[in-house]
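Remarks on the structure that follows.
Numbered from 1 within each chain, the chains take letters A, B, ... in sequence-line order.
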Number of protein chains: 2
Amino acid sequence: MDAPRWLDEREDRAWRGYRRMRRLLDLELARELTQDAGLSEPDYDVLSDLSETPQGRLRLSELAHRMLWSRSRLSHHLSRMQQRGLVTREECADDARGSIVVLTPAGRQAIESAAPGHVAAVRRHLIDLLTPAEVDALGALTHRVVDHLADPGLRATRPQPTAEA
Amino acid sequence: MDAPRWLDEREDRAWRGYRRMRRLLDLELARELTQDAGLSEPDYDVLSDLSETPQGRLRLSELAHRMLWSRSRLSHHLSRMQQRGLVTREECADDARGSIVVLTPAGRQAIESAAPGHVAAVRRHLIDLLTPAEVDALGALTHRVVDHLADPGLRATRPQPTAEA
DNA sequence: GCCAGATCGATGACATGTCAACGAAAGCGT
DNA sequence: ACGCTTTCGTTGACATGTCATCGATCTGGC
């Protein structure tokens, strides 16, 4: 761990800005979502991903994978949403272990009435504040980082135990 | 709520990319931090902010403000960190209600040994993947969004109850 | 000085997220 | 067909975050 390469002024500005934006944007979007639609961000994400499928149904595992959630977290969260009547679980025909998460009419209703306001908030607090070039840059940069993180090989460019186990 | 302006393809790409990056980057940074230094991200942030002050001491309220945390959350978290010997609380001389959060030698030690690795991780998974122009763009864009969100006036460009209460 | 209201930090109840473990059911090689 | 291993979703214990509330203290107007 010799001579750490600290962030220079510009890098630091970007990193701090990112974290601060992250926090504030989250707070504000969550606040508006709760107030206007009675949904939390996790609620919204679940409903949103479900509603993007043709039937509004997904294997729990598949949904967890798309959301980058653990199955455990999703299972807990679904139980709460099920209580509120937003989703249901059905048994899976081809795999007796599995369960299928199904959007209820109430859930469909909830996401459809929440979406316009939420998208508007995303615009108001982020997208519409950026130039088209910045939108593209953000798209490019985030996807590059995501691809990097998703690749288990690339992620490991660090002082490695070079296979001694 | 007429004709919502949905996100076009590029905007959607940026927004999804942002959220995905957010999640993956967080998971990875938290993972490495725990593994290499035994700290959570919140731990690191507290220690980091404290260590940036000359004496390693801050009013609880002031620290909460800088971190964009509620006083309650910080109080709870400090209790846990105090248990582990990373920080202490001292009474405040000029305000008998207040308490001052103090970095212990162990806390100083912890942040100093964690920092190089953490910065390296931030580089590896984010900063070093960007071009200098992208770093600058990210800095500019995030700060603009932050300024916007911090300004209670600007935040309210939405279908407003136009003062009828 | 005194009182009304604001602020400070702590606390308990509760919501949410993580982690390790589990039983049940598939997959897979033989 | 038989075990061994993996995967699926659930569960309970626990860590963490939020929210409302509290007592103590400060502040400003009178």
Within this structure, what is the CG-to-C1' distance between A:Leu33 and D:dT18, rounded to whole angstrom?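 Rounding to the nearest Å, CG of A:Leu33 and C1' of D:dT18 are 16 Å apart.
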
For B:Met67 and D:dT18, give me the distance from atom CE to atom P, rounded to whole Å. 12 Å

Quick one: what's the B/S/- string for nucleotides 6-17 of chain C, heavy-atom cutoff under 4.0 Å, read 5' to 3'? -BBBBBB---SS

Side chain to side chain donor-acceptor pair (under 3.5 Å), that's the test. Do B:Arg89 and B:Ser79 meet it? Break it down for me. CA-CA 9 Å; B:Arg89 287 182 230 231; B:Ser79 301; 2.6 Å; yes

Going through the checks in order, is the side chain to side chain donor-acceptor pair (under 3.5 Å) test met by A:His76 and A:Arg73? CA-CA 5 Å; A:His76 279 301; A:Arg73 176 180 182 185; over 6 Å; no

Could you check whether any side-chain heavy atom of A:Glu11 comes within less than 4.5 Å of a side-chain heavy atom of B:Arg123, counting everything from C-beta outward?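 Heavy-atom side-chain distance check passes, below 4.5 Å.
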
Of all residues at least two apart in sequence or in a different chain, which pass the side-chain contact (heavy atoms from CB on, under 4.5 Å) check with B:His118? B:Leu29, B:Leu33, B:Tyr44, B:Val122

Per the end-axis method with five pairs at each terminus, what is the bend angle of the helix from C:dG1-D:dC30 to C:dT30-D:dA1, to 10°? 30°

Worked verdict on B:Glu52 versus A:Arg16 for salt bridge (charged side-chain N to carboxylate O under 4.0 Å, His left out): CA-CA 14 Å; B:Glu52 279 176 10; A:Arg16 286 180 196 258; 3.0 Å; yes

Write down the atom of B:Leu7, the atom of B:Asp12, and the distance for their closest heavy-atom approach. CB-N, 3.9 Å

Look at B:Arg10 together with B:Asp8 and state whether they make a salt bridge at an N to O cut-off of under 4.0 Å.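 Judged by the 4.0 Å cut-off on N to carboxylate O distance, B:Arg10 and B:Asp8 do not form a salt bridge.
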
If you measure from the Lys or Arg side-chain nitrogens to the Asp or Glu carboxylate oxygens, is any gap between B:Arg124 and B:Glu32 under 4.0 Å? yes

